[in-house]
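Reading through the structure tokens given below for one structure.
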There are 2 protein chains.
Amino acid sequence: MTIKDVAREANVSVATVSRVINNVTSVDKNLRIRVERAIEKLDFKPNQIAKSLKQDITNTVGIIVADISNSFFSGVIREIERTINPEGYALLMASTDGNVQKEKDAIEMMHAKRVDGLVICHVSDDIEALIKSISCPVISFDRNTLSHIRDTVYINKERSMYDAVTYLLKRGHRDIAVISGAKGLSTNFDRYIGYMRAYYDWSLMARKEDLYFGEFTKEYGKRSFESIMQRDHRPTAIVTGSADITEGILAKANELKVRIPEDISLVSFGAISFQDVLDLKITYVDEMYIEIGKNIGEMMLSRLKSPKISPRLIVLESGIISGNSVKTLDET
Amino acid sequence: MTIKDVAREANVSVATVSRVINNVTSVDKNLRIRVERAIEKLDFKPNQIAKSLKQDITNTVGIIVADISNSFFSGVIREIERTINPEGYALLMASTDGNVQKEKDAIEMMHAKRVDGLVICHVSDDIEALIKSISCPVISFDRNTLSHIRDTVYINKERSMYDAVTYLLKRGHRDIAVISGAKGLSTNFDRYIGYMRAYYDWSLMARKEDLYFGEFTKEYGKRSFESIMQRDHRPTAIVTGSADITEGILAKANELKVRIPEDISLVSFGAISFQDVLDLKITYVDEMYIEIGKNIGEMMLSRLKSPKISPRLIVLESGIISGNSVKTLDET
DNA sequence: TAGTGACGAGAAACCGATTACAGGAGATTG
DNA sequence: CAATCTCCTGTAATCGGTTTCTCGTCACTA
């Protein structure tokens with residue numbers, strides 16, 4: 001079932017059929033009706049692949065993240081879809097599991113399939129050459145790409161961490177631990193700098209043993225928290241790097257009968273989904289996945305319309321939502 | 001940058017380049033080397049679109065669900081991806097928001113893009129004609145498609161509901177409410193039948209006012225629970241249709257200071273993610289998204305290899321995981 | 001040495017659409 | 001009324017690969 005069959009059925013040329021379908025230039029009314037009848041009769045559906053080949057447009061945007069079942073990513077993706085779908089774009093997705101090779105494979109696959117645009121939350125910095133070699137617009141998110149001139153959307157994590165730590169310092173905490181994801185990610189470097197800057201501004205020395213940079217997982221949250229609880233000298237507060245980590249901490253705290261905030265205070269990056277089920281309201285930094293997704297989607301649409309405009313950087317400033325997971329300490 | 005450029009650079013025909021790339025038939029060693037050098041030098045990446053057009057194979061599987069940010073769906077999708085990625089398939093996704101028109105659009109889009117296979121958790125039964133018209137294999141999941149002969153993967157929800165209700169009946173409950181999603185979905189019809197069957201077997205009459213069929217959302221869970229709490233004659237137990245609904249109930253119960261299981265017992269379809277944070281362990285029916293995703297992925301791969309074999313139905317039997325959210329009532 | 005077969009490489013058709021180009025019919029103008 | 005212009009429509013090229021077909025070369029056999 002191709003455009004040829006329709007042309008034969010309607011007794012016109014394939015060109016005319018194509019013109020009717022895309023209603024470009026005026027077509028004689030009678031012919032148009034004949035073609036439309038034929039299309040209906042044969043239940044003809046144009047082959048996008050052929051169209052894409054000729055026009056070099058696929059109406060597809062690729063998205064590469066570590067794990068689509070992570071609620072932050074799936075939230076962002078959902079919002080991107082909501083934004084670009086009305087304009088006719090579909091979403092081709094790939095997960096990397098944080099694996100550099102998989103990430104490279106995913107980028108090559110997206111290029112091979114000629115996506116019109118690519119959204120990526122990259123794991124490795126080793127992909128710049130690859131990205132440069134593919135010709136479509138690329139938007140990075142949740143990662144700072146200082147040196148690389150490219151469209152980017154992210155939350156100012158340095159600022160957020162600075163605010164979170166300052167929030168704790170103001171309430172008397174002087175020994176604050178950080179539990180976050182892999183050290184190599186820019187998003188964690190940003191957190192590190194924010195932490196150090198707050199300590200610097202308060203003329204305090206940070207302790208190396210207070211920095212836990214491992215994985216953005218519930219499991220890592222559990223492990224780190226347990227290890228903190230076994231220390232002789234414990235921090236009085238913890239800032240986590242993601243909602244998953246926070247959940248791990250809460251689970252382990254529940255298991256070990258550690259009370260929050262009585263025994264240790266907690267500030268989370270990202271809200272946990274069951275906030276309203278607990279009497280404990282976690283103080284958290286909003287991860288704003290809806291805003292991020294929307295910004296990415298809109299940026300992509302504008303970029304697809306005008307590829308030539310210079311790269312833009314959208315830095316979202318997030319705020320702290322106060323709960324009751326932080327205890328105010330007496331100054332001594 | 002096309003295969004022609006490579007052919008010119010290597011001073012061979014395009015056919016030879018193609019043969020080298022796909023290493024089909026033997027190619028002279030010298031020529032092969034020349035071609036490989038040219039590919040490397042020009043950094044040539046074949047255009048999948050062109051290949052797809054000729055071969056009528058896109059190496060892409062489509063997936064259509066209501067909402068990708070729903071944790072059940074994103075979990076299933078992740079597992080599907082894990083299964084089919086190693087075989088070279090990518091995932092094209094579309095959300096429907098439970099909207100019939102969007103669902104139809106999504107199916108047409110998938111067909112236009114000529115996916116090799118399609119996985120769908122459909123909203124409407126009104127799509128059979130559409131599905132039949134597209135020529136690729138289609139797998140339904142989490143929906144019973146009694147009348148339609150098609151590959152299907154789902155959990156036996158009738159049985160699960162029967163077990164859940166029986167579990168409660170055995171513990172002395174005689175007035176059990178159900179809060180679940182839209183009445184029109186087969187998955188809820190199945191729950192309904194399971195519920196009625198249990199009541200029948202125990203020679204009890206079900207009450208119409210105990211059946212809340214609305215939406216699979218946290219919000220609906222809250223609303224329904226609140227309305228239950230305002231009733232004069234309250235049920236002693238609730239079975240929910242999804243983890244989202246359960247979360248809504250827990251949130252509202254926390255707000256209204258209703259204690260579980262002291263004031264009302266609860267059984268959930270699907271585990272909540274923060275089970276281990278609470279002292280309350282919800283008794284739940286495992287939703288088995290990993291098994292579902294894996295079964296779908298494997299079914300799809302086998303189907304893509306042998307399209308002719310007759311449709312298969314995989315019905316997963318789920319079990320009840322006991323917690324402490326159900327109170328045993330004294331028989332009166 | 002002529003005939004046969006195997007093998008490898010290039011030419012060209014092909015996939016299914018879009019689109020540049022050419023040409024015919026009818027309208028407009030001098 | 002002839003020349004020119006417009007407007008449609010069809011023919012054929014095109015997108016970038018794959019694949020069939022054809023043909024030349026070489027080894028082997030009779």
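Chain letters run A, B, ... following the sequence lines, proteins first and then strands; every chain starts at 1. Computed over heavy atoms, backbone and side chain alike; hydrogens, waters and symmetry mates excluded.
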If you measure only the distance, is there a donor-acceptor pair under 3.5 Å linking the side chains of B:Thr16 and B:Ser13? yes
The correct set of residues in residues 36-50 of chain B placing a heavy atom under 4.0 Å from DNA chain C is none
How many Å lie between CG on A:Asn22 and P on C:dA20, as a whole number? 13 Å
Between A:Ile21 (CD1) and C:dG16 (P), how many Å, whole number? 14 Å
Would you indicate what B:Ser26 reaches in the nucleic acid, counting non-hydrogen atoms under 4.0 angstrom: base, sugar-phosphate, or nothing? sugar-phosphate
Remember a base hit wins even if backbone is also touched, and classify A:Val17 as base, sugar-phosphate or nothing at under 4.0 Å, heavy atoms. nothing
For B:Lys29 and C:dA9, what is the distance between atoms NZ and C1' respectively, to the nearest whole Å? 19 Å
Measure NZ/A:Lys51 against C1'/C:dG16 and give the value in whole Å, please. 12 Å
Give me the bend of the helix from C:dT1-D:dA30 to C:dG30-D:dC1, using the axes of the five pairs at each end, rounded to 10°. 60°
With sequence neighbours excluded, residues passing salt bridge (charged side-chain N to carboxylate O under 4.0 Å, His left out) with B:Arg303: B:Asp151
Considering only heavy atoms from C-beta outward, does the side chain of A:Leu313 approach that of A:Tyr154 to under 4.5 Å? yes
Atom pair distance, as rounded to whole Å: CG in A:Asp56 and C1' in C:dT19: 15 Å
In whole angstroms, how far is the P atom of C:dC15 from the CE atom of A:Met1? 15 Å
Please confirm whether the shortest side-chain N or O distance from A:Ser18 to OP1 or OP2 of C:dA17 is below 4.0 Å. no
How many Å lie between CG on B:Leu31 and P on C:dC7, as a whole number? 17 Å
For B:Lys102, the side-chain hydrogen bond (donor to acceptor under 3.5 Å, both in side chains) test, sequence neighbours excluded, returns B:Asp97
Nearest 0.5 Å please: distance from the CZ atom of B:Arg19 over to the CG atom of B:Leu31. 10.5 Å
Listed by chain and number, what are the side-chain hydrogen bond (donor to acceptor under 3.5 Å, both in side chains) partners of A:Glu215, not counting sequence neighbours? A:Thr217
Show me the donor-acceptor pairs, under 3.5 Å and distance only, between side chains in residues 50-57 of chain B and residues at least two apart or in other chains.
residue, atom, partner, partner atom, Å
B:Lys51, NZ, B:Asn22, OD1, 3.2
B:Ser52, OG, B:Gln48, O, 2.9
B:Ser52, OG, B:Ile57, O, 2.9

Checking B:Asp244 now: which residues fulfil salt bridge (charged side-chain N to carboxylate O under 4.0 Å, His left out) with it, not counting sequence neighbours? none
Is a donor on one side and an acceptor on the other found under 3.5 Å between the side chain of B:Asp5 and the backbone of B:Thr2? yes
Could you tell me which residues satisfy salt bridge (charged side-chain N to carboxylate O under 4.0 Å, His left out) with A:Lys104, sequence neighbours excluded, listed by chain and number? A:Asp126
Applying a 4.0 Å non-hydrogen cut-off, can you work out what B:Val24 is touching in the nucleic acid: base, sugar-phosphate, or nothing? nothing
Between A:Glu103 and A:Ser124, is any side-chain donor less than 3.5 angstrom from a side-chain acceptor? no
Residues at least two apart in sequence or cross-chain that pass side-chain hydrogen bond (donor to acceptor under 3.5 Å, both in side chains) with A:Asp67, listed by chain then number, are A:Ser69, B:Arg78
For B:Gln101, check side-chain hydrogen bond (donor to acceptor under 3.5 Å, both in side chains) against everything at least two apart and list the hits. B:Asp105
Identify all pairs in which a protein N or O lies below 3.5 Å from an N or O of nucleotides 11-14 of chain C, and state each distance.
residue, atom, partner, partner atom, Å
C:dC14, O2, B:Lys54, NZ, 3.3

Under a criterion of less than 4.0 angstrom to any heavy atom of chain A, what are the 5'-terminal and 3'-terminal contacting nucleotides of DNA chain D? D:dC8 to D:dG16
May I ask you to decide whether A:Glu79 forms a salt bridge with A:Arg82, counting only side-chain N to carboxylate O separations under 4.0 Å? yes
